[in-house]
Amino acid sequence: MQENNRWRLDRGGWVAAQVQPVRYDDIRIAPPPPRREAIPRARHGYTWAPGHWEWRSQRYAWTPGVWIAERPGYAYAPPAWNQRDGRWQMEQGRWSPRGPNGDRDRDGIPNRYDRDNGNRHDRDGDGIPNRDDRRPDNPRRD
């Protein structure tokens, strides 16, 4: 039998291998410092997820950064290593809501605290301020 990523060669052919979960109680070695990566030019609608170290086969392996599609109203937190009781654990990358109900206009103020501020507020993002928009919740301009 030979294991290759998530497949293994068995007598009957290739079969899906059972992926073993990482046992963080075994990791006592600190991860290496992050590698310096050149971040490619920004892509509209995407967020850069930086590279990070992962624990694989009893050693650290580098995973390069990638572009991931943005989630409106959410902020991306990259994977991070934390030490607990002399052992190292990795928190997976995750999306967290911006504020309790998100932050649609990305001004850093959660929606529930956001004020209209005159005519600049545009709930549906169609470019027409709510006070002038006959249908403020319709993103199409009809």
Side-chain angles (χ1 to χ4, degrees), residues 1-130 132-133 135-142:
M1 287 196 284
Q2 176 185 358
E3 292 202 14
N4 183 9
N5 291 338
R6 295 184 183 193
W7 295 92
R8 118 180 140 213
L9 184 58
D10 205 351
R11 283 184 275 239
W14 287 98
V15 294
Q18 296 294 329
V19 177
Q20 297 295 326
V22 174
R23 290 186 42 130
Y24 289 109
D25 56 343
D26 296 338
I27 305 174
R28 295 181 182 267
I29 305 165
R35 288 185 178 172
R36 184 179 167 104
E37 286 186 301
I39 300 173
R41 186 180 325 205
R43 294 177 57 188
H44 180 71
Y46 288 84
T47 297
W48 178 252
H52 60 277
W53 291 102
E54 289 186 359
W55 183 256
R56 293 189 215 143
S57 303
Q58 302 300 312
R59 65 184 180 90
Y60 287 100
W62 179 255
T63 301
V66 294
W67 287 107
I68 53 177
E70 284 185 348
R71 293 183 61 192
Y74 289 82
Y76 180 72
W81 284 94
N82 297 310
Q83 188 177 19
R84 294 185 186 113
D85 299 326
R87 294 175 175 91
W88 289 88
Q89 293 184 321
M90 186 177 87
E91 291 182 24
Q92 296 293 331
R94 65 193 176 285
W95 290 95
S96 301
R98 289 190 174 114
N101 299 315
D103 180 18
R104 280 187 230 104
D105 56 4
R106 295 185 176 175
D107 62 357
I109 301 170
N111 292 332
R112 70 181 186 165
Y113 298 118
D114 223 347
R115 293 202 170 83
D116 198 334
N117 291 335
N119 63 359
R120 293 184 298 158
H121 198 70
D122 181 18
R123 208 167 39 223
D124 58 7
D126 64 357
I128 302 169
N130 289 339
D132 298 331
D133 200 345
R135 292 164 57 186
D137 293 317
N138 182 4
R140 296 176 296 150
R141 290 186 172 188
D142 55 341

For Arg59, enumerate each residue passing the side chain to side chain donor-acceptor pair (under 3.5 Å) test, keeping only those at least two apart in sequence or located in another chain.
none
If you compare all heavy atoms of Tyr76 against all heavy atoms of Gly93, which two are closest, and at what distance to 0.1 Å?
OH-CA, 3.7 Å
Distance-only, no hydrogens or angles: does the Trp55 side chain make a donor-acceptor pair with backbone N or O of Trp88 under 3.5 Å?
no
Residue pairs passing the side-chain hydrogen bond (donor to acceptor under 3.5 Å, both in side chains) test where at least one lies in residues 43-52, sequence neighbours excluded
His52-Glu54
Hey, could you give me the CD/CD1 distance between Gln58 and Ile29, rounded to the nearest 0.5 Å?
8.5 Å
For Asn82, give me all partners under side chain to side chain donor-acceptor pair (under 3.5 Å), at least two apart in sequence or on another chain.
Glu91
Quick one: side chains of residues 30-39, donor-acceptor pairs under 3.5 Å with protein atoms, not counting sequence neighbours, listed by atom name and distance.
from: Glu37; atom 1: OE1; to: Gly51; atom 2: N; distance (Å): 2.7
from: Glu37; atom 1: OE2; to: Gly65; atom 2: N; distance (Å): 2.8

Looking only at heavy atoms, which two atoms of Trp95 and Tyr74 are closest? And how far apart?
CE3-CB, 3.7 Å
